[in-house]
A.B. asks: 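Got a structure for you, written out below as structure tokens; questions coming shortly.
Heavy-atom basis, side chains included; hydrogens, waters and symmetry copies ignored.
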Amino acid sequence: CMTLVTVYALFGDDLRLAVFPKDADILFVVFSSVAFFMFLQELILQSLVKKGYLTFPQCKRKYMNKKDWWRLFSLGSFYFWLDVIATASLVPEIPWMVETSSEEEDVSTGDT
């Protein structure tokens, strides 16, 4: 199931632009939203279940020496950050996550 979602995340927007009419955009927004939340759910579950996926810095003095200074800044494994970046890359494809209303813009700029 997640393999199909991954393939959609990689090629769905390109397929939408190349093949489908403008009327189909709302369907792709729904698919992208579902894919985003599925990836977010997988990220959270992997963090809770998989040992070493989301690691926290080792701040105990007995583990520290001069060559291990980088452990103070190590939060999460390589795959954790890869999944965070992949999940975040879907945000620009989902308009309701990035658009602001015209009322908010008027308030922030002082225009009426």
A.B. asks: Heavy-atom distance under 4.5 Å between the side chains of E42 and L45, does that happen here?
C.D. replies: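 Side chain of E42 against side chain of L45, heavy atoms only: no contact under 4.5 Å found.
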A.B. asks: Given side chains that start at C-beta, do those of T6 and F39 come closer than 4.5 Å, heavy atoms only?
C.D. replies: yes
A.B. asks: Nearest 0.5 Å please: distance from the CG atom of L54 over to the CD1 atom of I44.
C.D. replies: 11.0 Å
A.B. asks: Show the nearest heavy-atom pair for residues A35 and L90, with the distance to one decimal.
C.D. replies: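 Looks like C-CD1, 4.0 Å.
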A.B. asks: Can you measure from OG (S77) to NZ (K51) and round to the nearest 0.5 angstrom?
C.D. replies: 13.0 Å
A.B. asks: For the pair F28 and Y8, name the ring-plane relationship: parallel under 30°, tilted 30 to 60°, perpendicular over 60°.
C.D. replies: parallel
A.B. asks: Looking at C1 and M38, what are the two nearest heavy atoms and their distance?
C.D. replies: SG-CE, 3.8 Å
A.B. asks: Please check if L10 and V91 belong to a single hydrophobic cluster, counting links between Ile, Leu, Val, Met, Phe, Trp and Tyr side chain heavy atoms closer than 4.5 Å.
C.D. replies: no
A.B. asks: Specify the closest pair of heavy atoms between I26 and D23, including all atoms of both residues, with the distance to one decimal.
C.D. replies: CG2-O, 4.0 Å
A.B. asks: Do the side chains of Y79 and K50 get nearer than 4.5 Å, heavy atoms only?
C.D. replies: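 Side chain of K50 against side chain of Y79, heavy atoms only: no contact under 4.5 Å found.
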A.B. asks: Decide yes or no for W96 and I94: does some side-chain heavy atom of the first lie under 4.5 Å from some side-chain heavy atom of the second?
C.D. replies: yes
A.B. asks: In Å and rounded to the nearest 0.5 Å, what is the CG to CZ distance from L43 to F80?
C.D. replies: 5.5 Å
A.B. asks: Group every Ile, Leu, Val, Met, Phe, Trp and Tyr by side-chain heavy-atom contacts under 4.5 Å, then state whether L17 and V98 land in the same group.
C.D. replies: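 No, because L17 and V98 fall into different hydrophobic clusters, even though each may have its own neighbours under 4.5 Å.
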A.B. asks: What's the spacing between M2 CE and Q41 CD if we round to 0.5 Å?
C.D. replies: 8.0 Å
A.B. asks: Is there a path of hydrophobic side-chain contacts, each under 4.5 Å between heavy atoms of I/L/V/M/F/W/Y residues, joining M97 to V34?
C.D. replies: yes
A.B. asks: Grouping I, L, V, M, F, W and Y whenever their side-chain heavy atoms are under 4.5 Å apart, do F36 and I85 come out in a common cluster?
C.D. replies: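 F36 and I85: separate clusters.
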A.B. asks: Would W81 and F78 show up in the same hydrophobic cluster when neighbours are defined by side-chain heavy atoms closer than 4.5 Å?
C.D. replies: yes
A.B. asks: What's the shortest heavy-atom distance between P95 and V29, and which atoms?
C.D. replies: CD-CG2, 3.6 Å
A.B. asks: A quick test of your reading: do over 12 heavy atoms of other residues, nucleotides or ligands sit less than 6.0 Å from OH of Y53?
C.D. replies: yes
